[in-house]
Peer 1: 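Please see the structure below; I have some questions.
In what follows, every chain begins at residue 1, and chains take the letters A, B, ... in the order their sequences are listed. Quick caveat, the model's predicted, so the values are computed rather than measured.
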There are 2 protein chains.
Amino acid sequence: MAVLWHCQGVTDTRTAGAVRQGSLRELNLAVVLRRIAATDRPPSRAEIAADTGLTRATVSAVVDDLIAGRLVTEADPAPRTGAGRPARGLLLGDTGPAGLGLEVNVDYLAACVVDLTGAVRHHEVRRVDLRPLSPADALTDLVALARRARTAADDAGLGLAGAALAVPGLVDARGLVRLAPNLGWRDVDVPALLAGHPALTDPVDGVPPLVVENEANLAALGELHARPGGPQSFLHVSGEIGIGAGIVLDGALFRGSRGWSGELGHVPVDPGGPTCRCGARGCLETYAGQEAVLAAAGLAGVDLPADTAARRLADLACSGDPAALDALHAAGTALGVAVSGVVNLLDLDTVVLGGGYATLAQWLCPPVLAELDARVLTSGWSPVTVRPAALGAESAAVGGAGAVVRRIIARPSGWLSRPG
Amino acid sequence: MAVLWHCQGVTDTRTAGAVRQGSLRELNLAVVLRRIAATDRPPSRAEIAADTGLTRATVSAVVDDLIAGRLVTEADPAPRTGAGRPARGLLLGDTGPAGLGLEVNVDYLAACVVDLTGAVRHHEVRRVDLRPLSPADALTDLVALARRARTAADDAGLGLAGAALAVPGLVDARGLVRLAPNLGWRDVDVPALLAGHPALTDPVDGVPPLVVENEANLAALGELHARPGGPQSFLHVSGEIGIGAGIVLDGALFRGSRGWSGELGHVPVDPGGPTCRCGARGCLETYAGQEAVLAAAGLAGVDLPADTAARRLADLACSGDPAALDALHAAGTALGVAVSGVVNLLDLDTVVLGGGYATLAQWLCPPVLAELDARVLTSGWSPVTVRPAALGAESAAVGGAGAVVRRIIARPSGWLSRPG
DNA sequence: GCAATTTGTTCAGTGGTTGAATTAAATGGC
DNA sequence: GCCATTTAATTCAACCACTGAACAAATTGC
């Protein structure tokens, strides 16, 4: 009766399709590469063999393939240890594939390049109010950033293996932006608009080069990326003009069946509360959305980019402004109520405050924690951690680029068998 | 720019560990068996080969192994089609392994046996009020049911491959029941108490024979099991004395990191509402829990098993009793508020009302739907379906037994390499 | 200088898939 | 009723990638 197996294990999807003969190598490439990626200290071939259960012979063969594909390099200085032939450490390559992360937001465009090791090799943010621009014009500007990012990647010897574009709105499975309220976009066919710009990336192994994804989801992945040893399951709340959330479970983004998960802004906080622009009453957004908080702090009608607004509010709070402090406490309490529901439902132990909330975390965390302590059934056993996001506005772009390189690590065969 | 790949695919965990040589067959056994299980019409070897991409030679070899292990049988009557040698249909075996499902609840014990095909081959429910009994006595009674179930399985030529026990409470990873409030259990070490009863099942391939799991989670799996072609992602709400929920995503139970997901009963509905027995204010349970609904319907203080109480309430509602109708409408509205939050967060399109709610679905569905329509951001694009559960009180036991056989289908090598 | 130790590679052996050829079992036209 | 046609399933040599053991390489310590 010793150890129990879990129902989660009951339905593990170890293989999606058939396992052909070549899949064996394909799968072991992923196993070995993942092992190399999983640690700080570069592991030796022998160590990998011992850890994974493969023979040293197999590991050597697999590593040869990985080195040939520039996914892995040997560490030059042999780490000095005891007796025996010194091990040669293996590192993720920093001249192989890289991911391109892009973001279109209300008041800025961003692009970044992340290499296999997770290092941000290029980063550019361009402040521009996109609301007056048409989607086509906005994307033309974005392509200029992407082109510079690609040049930077080329100069560094990196090959772009894919790109991810963050958009603050609902995106469907084909990359159509169904609704991005704060951008004023509706049914914008981003892939079609970008189709005329082949500069982005080339397809690799049949994998299309661009993903379009909700900004809050990619920002959550950015948090995952920024804390390699951190929790693998958490809720990342993006407090912008609207409130979105990215749900990360076991190191993977949970998108829902259509990718529309995480609409935390419209979780009911008080069913009899004020009417939200979505038509319902008492949504979280009516308590903790940027507009509501600014109004409560006496800054009604101020039209500011999210981070500037948050900065302004933080300054007020720092100076002890009572209206600002009250507004933040109320927002934090409402946020705590909504988040408590999430935690009760998903059994999470970490909540990350991102977007504008990161700047205001100092004032938001206490009331959020208070609600969590009171409302989460299991908080007595294991308390919930609430903390600000590790990255700022670049989170979504970095998260998107990181998702691209994580995909390479999860399935290196695609990169290795590329035409080039 | 054609088709987009999804972020979900970015983080697919195709392999957990190393892929040894024998894993190839192991994995293909699962691929082929899953294909056989996935359809009504028995597929031929050739059809499986075409679908999976394996060669007919490989499929034949794999099927031979499955037939030898009684996991698969050949359908006797050749399905008459066009020209050519007639195909021999392949079916899941009904004389191979089976799962044992058990349930301990407030007012009944249950046991059932489910074979690979999903058929319930044995079922027994024993009504008994467990609250006065000690956990040890309750489990002794349960073992008697389990023994009869095992005898029934043996008589039918089935081999029990594992058992799952549903408990209405929080269960930790080691099978310890941390808290089962309505049973009056706290820190009950179920595996230890059952260790003296070896009659349950024998271990198979190192997999321990018994899982202890939350009743709401297994009931959700029961719903999945009862509707083979139904949705693979849904929220299953169990309305008992407390309110639990099981979250099924892509055909798998989502348990959270510690298995404590689905505490819907303590999701806040109105932060200023009545105080709940958990200490917080305005939990769903204070509006839609059995006690609250009975009190609102004028049946305060009645201490009844969940299904009896629901039956009584349904009778009142049928007869047009205004207090009962109002109580149900209020409960449904509160339930709708809580469920709206869940749907906004997880992007689900189906909500199943189970437990006592199934009996009352006729009156609960309309207000739940009304709240969903008003509060779910994406309800305009794709409406949410709300419907009663397919199974009644037996849901958790059947779901647990089904989870055992699903595990066999997911990893048949464990059964095939068993000692016997 | 030599035994001990640990790493990494080489190589014959093997398990399981591959692909083509072959056999099996039916339909349909004449 | 016979034979070409068609589709299903099996057989078999070839091959791919892993296995295990032996071996070469590189260092420490006596």
Peer 1: Give, ordered by number, those residues of residues 45-65 of chain B having at least one heavy-atom distance below 4.0 Å to an atom of DNA chain D; if nothing qualifies, reply none.
Peer 2: B:Arg45, B:Ala46, B:Arg56, B:Ala57, B:Ser60
Peer 1: How many Å lie between CZ on B:Arg20 and C1' on C:dG15, as a whole number?
Peer 2: 13 Å
Peer 1: Considering just the side-chain nitrogens and oxygens of B:Asn28, establish if one lies under 4.0 Å of OP1 or OP2 belonging to C:dT17.
Peer 2: yes
Peer 1: Rounded to the Å, how far apart are A:Leu27 CG and C:dT17 C1'?
Peer 2: 14 Å
Peer 1: Check salt bridge (Lys or Arg N to Asp or Glu O under 4.0 Å) between A:Arg25 and all other residues, then give those that pass, not counting sequence neighbours.
Peer 2: A:Asp65
Peer 1: B:Gln232: what forms a side-chain hydrogen bond (donor to acceptor under 3.5 Å, both in side chains) with it, not counting sequence neighbours?
Peer 2: none
Peer 1: Output all residues satisfying side-chain hydrogen bond (donor to acceptor under 3.5 Å, both in side chains) with A:Thr58, sequence neighbours left out; order by chain, then residue number.
Peer 2: A:Thr55
Peer 1: Holding to side-chain contact (heavy atoms from CB on, under 4.5 Å), I want the full list of residues that pass it with B:Ala38, two or more places apart in sequence or in another chain.
Peer 2: none
Peer 1: When the distance from CG of A:Leu66 to P of C:dG8 is rounded to whole Å, what number comes out?
Peer 2: 15 Å
Peer 1: In this structure, how many angstroms lie between the P atom of C:dG16 and the CD atom of A:Gln21, rounded?
Peer 2: 11 Å
Peer 1: Quick one: list whatever passes side-chain contact (heavy atoms from CB on, under 4.5 Å) with A:Arg56, sequence neighbours left out.
Peer 2: A:Ala46, A:Ala49
Peer 1: Can you name the salt bridge (Lys or Arg N to Asp or Glu O under 4.0 Å) partners of B:Arg35, sequence neighbours left out?
Peer 2: B:Glu47, B:Asp51
Peer 1: Main chain of B:Gly53, side chain of A:Arg20: is a donor-acceptor contact present, judged purely on distance under 3.5 Å?
Peer 2: yes
Peer 1: With a 3.5 Å cut-off and just heavy-atom distances, do the side chain of B:Arg85 and the base of C:dA26 make a donor-acceptor pair?
Peer 2: no
Peer 1: Look for any protein N or O under 3.5 Å of an N or O in nucleotides 1-4 of chain C and output each such pair with its distance, or none.
Peer 2:
none

Peer 1: Please enumerate all residues that pass side-chain hydrogen bond (donor to acceptor under 3.5 Å, both in side chains) together with A:Arg70, with sequence neighbours excluded.
Peer 2: none
Peer 1: With respect to the phosphate group of D:dA9, does any side-chain polar atom (N or O) of B:Ser44 fall under 4.0 Å of OP1 or OP2?
Peer 2: yes
Peer 1: If we only count heavy atoms from C-beta on, is the A:Leu24 to A:Val19 side-chain gap below 4.5 Å?
Peer 2: no
Peer 1: Over its full length, what angle do the end axes of the helix from C:dG8-D:dC23 to C:dC30-D:dG1 make, each axis taken from five pairs and the result rounded to 10 degrees?
Peer 2: 0°
Peer 1: Atom CD of B:Glu26 and atom P of C:dT17: how far apart are they, to the nearest Å?
Peer 2: 12 Å
Peer 1: Can you list everything that forms a side-chain hydrogen bond (donor to acceptor under 3.5 Å, both in side chains) with A:Thr117? Sequence neighbours excluded, please.
Peer 2: A:Asp115
Peer 1: Taking CG from B:Leu24 and P from D:dT19, how many angstroms apart are they, rounded to a whole number?
Peer 2: 11 Å
Peer 1: Taking salt bridge (Lys or Arg N to Asp or Glu O under 4.0 Å) as the definition, give me every residue that meets it alongside A:Arg227, ordered by chain and number, with sequence neighbours left out.
Peer 2: A:Glu223
